[in-house]
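Here's the structure, in structure tokens; my notes come after.
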Amino acid sequence: MFNRITHTGVWVTDQDEALAFYRDVLGFEVRMDVTVAEYGNLRWLAVGLPGQDLVLQLTAFDPPQMDEATGAQVRQILAKGYTPPLIFEVDDCRATIDRLRERGVDITQEPVEQPYGIDAGIRDPSGNSIRITQPAPAA
């Protein structure tokens, strides 16, 4: 039926700030950054990891995306950290967290040994939860 997942959306409070974080701090590539006049100057901003097809759609939730009341509710959810996490796999979780800390990233959980590997947490500038996971070696 379906071939693959190509995009997933991430609500962001400020697209320029989100772009700087995902591109300049995390190393994502810009896949699309266009303004669509037909939809009230909607900015279609998408980033992805080099060599990977999956795209993160960095979506603002101000009009025309949604009305102001709904946008206020989304801001509250983000501020409380109640978003489902994005999960990024790395080779070395502890080294990645050290590099992110040096870049001023909000570390929400230091690396912890888990049954599935080593796991840590960060937040993007909008408040989205991001998990950094180093898989356990295959048994």
- Item | Any donor-acceptor N/O pair, Arg103 side chain to Val25 backbone, under 3.5 Å | yes
- What heavy-atom pair brings Gln15 and Thr59 nearest, and what distance separates the two atoms? NE2-CA, 4.3 Å
- Query: If you take all heavy atoms of Leu78 and Thr83, which pair is closest and at what distance?
  - Reply: CD2-CG2, 3.3 Å
- Item | Residue pairs fulfilling ring-ring contact (aromatic ring centres under 6.0 Å, His included) with at least one residue in residues 109-131, sequence neighbours excluded | none
- Message: Return the CD1 to CZ distance between Ile77 and Phe61, rounded to the nearest 0.5 Å.
- Response: 9.5 Å
- Query: Shared ILVMFWY cluster between Leu58 and Met66, side chains joined below 4.5 angstrom?
  - Reply: no
- Rounded to the nearest 0.5 Å, what separation is found between the CZ atom of Arg4 and the NE2 atom of His7? 9.0 Å
- Atom pair CG/CZ of Asp92 and Arg99 - distance to nearest 0.5 Å: 7.0 Å
- Message: Side chains of Asp14 and Phe21, heavy atoms from C-beta outward: is any pair under 4.5 Å?
- Response: no
- Report yes if the side chains of Ile97 and Val105 come closer than 4.5 Å at any heavy-atom pair, otherwise no. no
- Can you check side chain to side chain contact (heavy atoms under 4.5 Å, CB included) on Thr96 and Phe88, steps first, answer last? CA-CA 11 Å; Thr96 300; Phe88 301 145; over 6 Å; no
- Message: Between Arg75 and Trp11, is the side chain to side chain contact (heavy atoms under 4.5 Å, CB included) condition met? List the steps.
- Response: CA-CA 9 Å; Arg75 285 182 197 280; Trp11 293 115; over 6 Å; no
- What distance separates Ile130 CD1 from Ile122 CD1, expressed to the nearest 0.5 Å? 4.0 Å
- Task: Mind listing the closest non-hydrogen atom pair of Asp53 and Arg31 along with its distance?
- Result: O-NH1, 3.8 Å
- Ile118 and Arg94 have their tightest heavy-atom pair at CD1-NH1, 3.0 Å
- Query: Do the side chains of Phe28 and Trp44 join up, straight or via other hydrophobic residues, at under 4.5 Å, putting them in one cluster?
  - Reply: no
- In plain terms, say whether Arg43 and Asp16 are close enough for a salt bridge, that is, a side-chain N and a carboxylate O under 4.0 Å apart. yes
- Item | Residues, nucleotides or ligands: over 12 heavy atoms within 6.0 Å of Asp91 CG | no
- Are Ile87 and Ile132 connected, step by step, through hydrophobic side chains (Ile, Leu, Val, Met, Phe, Trp, Tyr) whose heavy atoms are closer than 4.5 Å? no
- Sort and list the pairs that fulfil side-chain hydrogen bond (donor to acceptor under 3.5 Å, both in side chains) and have at least one residue in residues 126-136, not counting sequence neighbours. Thr13-Ser126, Gln109-Arg131, Asp119-Arg131, Asp119-Thr133, Asp124-Asn128
- Do Leu45 and Val55 sit in the same hydrophobic cluster, where Ile, Leu, Val, Met, Phe, Trp and Tyr count as joined when their side-chain heavy atoms come under 4.5 Å apart? no
- Message: Under the criterion side chain to side chain contact (heavy atoms under 4.5 Å, CB included), I'd like the reasoning laid out for Val12 against Glu17: C-alpha separation, chi angles, the key distance, then a yes or no.
- Response: CA-CA 9 Å; Val12 298; Glu17 183 180 54; over 6 Å; no
- Message: Assigning hydrophobic clusters by single linkage (Ile, Leu, Val, Met, Phe, Trp, Tyr; side-chain heavy-atom cutoff under 4.5 Å), is Leu56 placed with Leu42?
- Response: no
- Please report the closest heavy-atom contact between Arg101 and Ile107, naming both atoms and the distance. NH1-CG1, 3.8 Å
